[in-house]
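Remember, predicted model here, so these are calculated numbers, not experimental data.
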Amino acid sequence: MSQPTTKRALVLHVTSGEAVLFGVSQETADELLPRIPDLMATGSVETLTGADGTPFVVNFRHVVTAHVGPLPPLAHVYGATGFR
């Protein structure tokens, strides 16, 4: 019996208020997690791929905090079409 797929989101907090969420695959989440501190420290611009295959660009210079967490059930999540 296979393990259920954990739905993940890249959660970005910016100074404008609400967090911005991007659905990401488990593979992207695993690759991104150890890199977040460096991306934040250097203010890097990074092209990532959403769970639906859509590319998106994050300018970490404008991000206050970032983390990867579970995909919330009732939230507007970019890149998660067909992923829920």
Side-chain angles (χ1 to χ4, degrees):
M1 189 167 168
S2 65
Q3 296 264 341
T5 302
T6 302
K7 297 174 184 172
R8 310 295 285 171
L10 171 61
V11 182
L12 304 174
H13 294 270
V14 295
T15 57
S16 64
E18 290 188 38
V20 180
L21 289 82
F22 292 91
V24 294
S25 68
Q26 187 63 50
E27 180 182 345
T28 298
D30 292 343
E31 185 272 328
L32 189 58
L33 267 170
R35 297 180 52 226
I36 289 175
D38 289 334
L39 294 169
M40 294 288 298
T42 61
S44 297
V45 176
E46 192 76 14
T47 300
L48 303 167
T49 303
D52 65 354
T54 304
F56 61 95
V57 178
V58 177
N59 183 342
F60 283 92
R61 178 170 289 169
H62 299 288
V63 176
V64 176
T65 65
H67 68 277
V68 174
L71 189 68
L74 299 174
H76 182 82
V77 179
Y78 298 99
T81 302
F83 185 63
R84 289 183 180 214

**Study point:** Neighbour count >12 (heavy atoms, 6.0 Å) for atom CD, Glu31
**Key:** yes
Review point. Side chains of Val63 and Val58: does their closest heavy-atom pair fall under 4.5 Å?
Key: yes
Check your understanding: Of the non-hydrogen atoms in Arg61 and Thr42, which two are nearest, and what is the gap between them?
Key -> NH2-O, 4.4 Å
Point to revise | Evaluation steps, side-chain contact (heavy atoms from CB on, under 4.5 Å), between Leu48 and Val24 | key: CA-CA 9 Å; Leu48 303 167; Val24 294; 5.9 Å; no
**Study point:** Nearest atoms (heavy-atom pairs only) where Val14 meets His62
**Key:** CG1-O, 3.4 Å
Check your understanding: Are the side chains of Val68 and Thr28 in touch, meaning some heavy atoms are under 4.5 Å apart?
Key -> no
**Study point:** Residue pair Phe22 / Thr54, side-chain heavy-atom distance below 4.5 Å
**Key:** no
Point to revise | Of Thr47, Leu10, Thr49, the residue whose pairing with Phe56 passes side-chain contact (heavy atoms from CB on, under 4.5 Å) | key: Leu10
Review point. Nearest 0.5 Å, what's the NZ-CD distance between Lys7 and Gln26?
Key: 13.0 Å
Revision key, fill the gap. To the nearest 0.5 Å, atom CZ of Arg8 lies from atom CG of Leu33 at 6.5 Å
Check your understanding: Looking only at heavy atoms, which two atoms of Pro34 and Pro37 are closest? And how far apart?
Key -> O-CD, 3.6 Å
Check your understanding: Looking only at heavy atoms, what is the nearest atom pair of Leu21 and Ala19, with distance?
Key -> CD1-O, 3.7 Å
Exercise for review: Could you pull out the closest heavy-atom pair between Ala66 and Phe60, with the gap in Å?
Suggested key: CB-CE2, 4.3 Å
Exercise for review: Mind listing the closest non-hydrogen atom pair of Asn59 and Gly43 along with its distance?
Suggested key: OD1-O, 3.9 Å
